[in-house]
Amino acid sequence: MALRLYNTLSGKIEDFHPLDDNRVRMYACGPTVYDYGHIGNFRTFIAVDLLYRFLRQSGYEVRYVMNITDVDDKIIRNSAHDGVSVQQYTAKYIQAFLEDSATLGIEKPIFVRATEHINAMADFIAELAKKGFAYRTEDGSYYFRIAKFPEYGKLSKKDFAGMNDGARVDVDEYEKDSARDFALWKAPKPGEASWETAIGPGRPGWHIECSVMSMEELGPSFDLHAGGEDLIFPHHENEIAQSESLSGQQFARYWFHARFLLVEGQKMSKSLGNFFTIRDLVLRGHKPSSIRWLLSQVPYRNQLNFTFDGLKSAASSVEKLRNFRFRLTSTQFPAGSTPQIAQLAQETIDKMKSALDDDLNTAEAQAAMFDMLRKVNTVLDAAQAGQNNFRQEDVKPLLGALTKFDEIFGVLNDDDQPKMKAILEWARAEGREKEISPELLGIAGSAQLTDEQVNQKLAEMEAARKTRNFKTSDALRAELTGAGIIVENTKEGVRWRRK
RNA sequence: GGCGCGGUAGCCAAGUGGUAAGGCCGAGGUCUGCAAAACCUCUAUCGUGAGUUCGAUUCUCACCCGCGCCUCCA
């Protein structure tokens, strides 16, 4: 079995084969940094992250480039409003985006920024003009001539042949040859950011940056191009038109689009009050791992309903996984091995792989892992009850399966607390104290006990329990629980973890 | 209007032409000084109607409902 992916270009699920042996070149449309990223943005970025991780796990060498759009209408408008430069304005949100990505365990791509490729864009446009695909208007703007690119519409499956251009020309677009023609370059306007280039002053249109930067980083023809479904038209359609007109070659071969999510069953929008950034959710006390889990639970092409119940459910699921690993690693089992366990681990790995091979069916991959969990827990329960059917060497293959699982899903490592603490401090620095929930304070805000301190308390507690001084032991347990320490007393002895 | 996606248990959500994964929550049970963890049992006539078929949740059609794109929203 090999990877099969839905390709928006063909509208079908296809076998995935990179152009160059086992090297994959992929490009993802990243954020426009005019505000903090919201969960919808991050659904897409996590979907691409899962793809990237799985490609590498499958043995591909992946060159993964993501752009950051650091100049556009909104940025120009907002920075002007704040009275700062475009650079100053975007620096804050670029930083926030990098932080949020790290918070969600998203692996780092190679980042490219629009404003660092302005001259290359101008050259690209000049070349298009030379070939007759672009034209300059009186004010110094450049447009792409769609009539010159007959395949226009092939990605979004739109048929522009029968459209009457003239009928839809807006008054302010009178300079364009055709209403469908899109801007490659916008002539400067007073007070707006502008760059001096070979084609004159101005700023780039939205689509040109991705054509220029992706081709620069990955070549004129590369394997994968990803983004949110809203980008199919016009953004990606226009990228294809620009790029293929210039190079005469196929631009991206596979187009990967993540579907929009719903929030509490409704489209996310500021007016509905269901618009959340990652930071909003953490301030409410939700763990980054819960957010990541919820966003990766539903296969990327399906509508995902993001709910607060779902967030709680995700937290329980993650905890179940972590508990399982804890159970395996915190106990010394009798020496030896059980062949069935190794076999179960391998079957689980195989099932995860075939699930993910099938257009990244994350739900099925997760189900395979939970099946393994249940079966092994059953055996461990029996072992605890005296049956000698789980051996120390069984741990290794099971941990191996968990590791493979987590190479994709990335939730096992319990680093929620420091991440939440960082956001807590950010909120205080930003003057957003009143948004800090008791839940967040409970997890991230209280003074932490060191391992030594915990072990000290634990020793006291065990001593009390041995002499059946339960009043003392219960008090100690309560104290530890209050500090976010969960103590488990099992037949094999006492063990603890942080909540 | 054009193009596309979906409606599966209280919630989230896979999947298949032969009577439905997984997670969460709830109820009962096992274990247990308490707690935690875990396990077991219970909870779905798969939007509605019709058709194709030996047999459909899975294919076809119609209808109802939700959602997306149709010029800068991931």
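Per chain, numbering begins at 1; letters A, B, ... match sequence-line order.
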#### Entry: E237(A) versus S156(A), side-chain donor and acceptor atoms under 3.5 Å
yes

### Message
Does A38(B) have OP1 or OP2 under 4.0 Å away from a side-chain N or O of N377(A)?
### Response
no

### Query
RNA chain B: stems of at least 3 consecutive Watson-Crick or G-U pairs, cut-off 3.5 Å?
B:1-7 with B:64-70, B:10-12 with B:22-24, B:26-30 with B:38-42, B:47-51 with B:59-63

### Message
Between N361(A) and A14(B), is there a contact of a side-chain N or O with OP1 or OP2 at under 4.0 Å?
### Response
no

### Query
When you measure from the centre of the six-membered ring of Y6(A), is the NZ or CZ of R301(A) under 6.0 Å away and within 45° of the axis?
yes

### Task
Take T378(A) and G310(A), find for each the nucleotide of RNA chain B with the closest heavy atom, and name the residue whose nucleotide sits nearer the 5' end.
G310(A)

### Query
Any side-chain donor paired with an acceptor under 3.5 Å for R497(A) and N323(A)?
yes

### Query
Is it the case that Y89(A) and D70(A) place a side-chain donor and acceptor less than 3.5 Å from each other?
no

### Electrostatic pair K270(A):D35(A) at N-O distance under 4.0 angstrom
yes

## Note on the structure
side-chain contact (heavy atoms from CB on, under 4.5 Å) filter on N274(A), not counting sequence neighbours, yields V263(A), Q266(A), M268(A), S269(A), L272(A), F276(A)

### Task
Evaluate whether atom NZ of K312(A) has more than 12 neighbouring non-hydrogen atoms of other residues, nucleotides or ligands under 6.0 angstrom away.
no

### Query
Roughly, in whole Å, what's the span from CD in E488(A) to C1' in A38(B)?
9 Å

### Centroid under 5.5 Å and tilt under 30°, F470(A) to G33(B)
yes

Below 3.5 Å between N/O atoms, which protein atoms pair up with nucleotides 3-5 of chain B? Just atom names and distances, please.
from	atom 1	to	atom 2	distance (Å)
C5(B)	O2'	R259(A)	NH1	2.8
C5(B)	O2	R259(A)	NH2	3.4

### Query
Mind checking whether W255(A) and F251(A) have parallel, tilted or perpendicular rings, split at 30° and 60°?
tilted

### Query
From the list C67(B), G68(B), A74(B), which nucleotide is the closest neighbour of the side chain of E229(A)?
G68(B)

### Task
Indicate yes or no: does E462(A) engage R465(A) in a salt bridge with an N to O separation below 4.0 Å.
yes

### Task
Could you tell me which non-hydrogen atom of S296(A) sits nearest to which non-hydrogen atom of T362(A), and how far apart they are?
O-OG1, 2.8 Å

### Task
Would you kindly compare V487(A) and L321(A) by the position of their nearest RNA chain B nucleotide and give the one closer to the 5′ end?
V487(A)

#### Entry: Of the listed nucleotides A38(B), C73(B), A35(B), the one nearest the side chain of N489(A)
A35(B)

Polar atom pairs between nucleotides 19-26 of chain B and protein, under 3.5 Å, N or O only, would you list them?
from	atom 1	to	atom 2	distance (Å)
G23(B)	O2'	S317(A)	OG	2.1
C24(B)	O4'	S313(A)	OG	3.0
C24(B)	O3'	S316(A)	OG	3.4

### Message
Can you tell me which residue among Q346(A), K351(A), E347(A) is in a side-chain contact (heavy atoms from CB on, under 4.5 Å) with I349(A)?
### Response
Q346(A)

### Neighbours of RNA chain B within residues 471-481 of chain A, by heavy-atom distance under 4.0 Å
S473(A), D474(A), R477(A)

### Message
Tell me every residue that passes side-chain hydrogen bond (donor to acceptor under 3.5 Å, both in side chains) with S473(A), counting only those two or more places apart in sequence or in another chain.
### Response
none

#### Entry: Test item: side-chain donor near acceptor, D280(A) and Y36(A), under 3.5 Å
no

### Query
Any stacking of F42(A) on A74(B), going by centres under 5.5 angstrom and planes within less than 30 degrees?
no

### Task
Would you kindly give the CD1-to-C1' distance between I232(A) and C73(B), to the nearest whole Å?
13 Å

### Message
Does either side chain, that of D72(A) or that of T69(A), offer a donor lying less than 3.5 Å from an acceptor on the other one?
### Response
no

### Below 4.0 Å: OP1/OP2 of A37(B) and any side-chain N or O of N323(A)
no

### Task
Starting from P on A74(B), measure out to CD1 on I68(A) and report it in whole angstrom.
13 Å

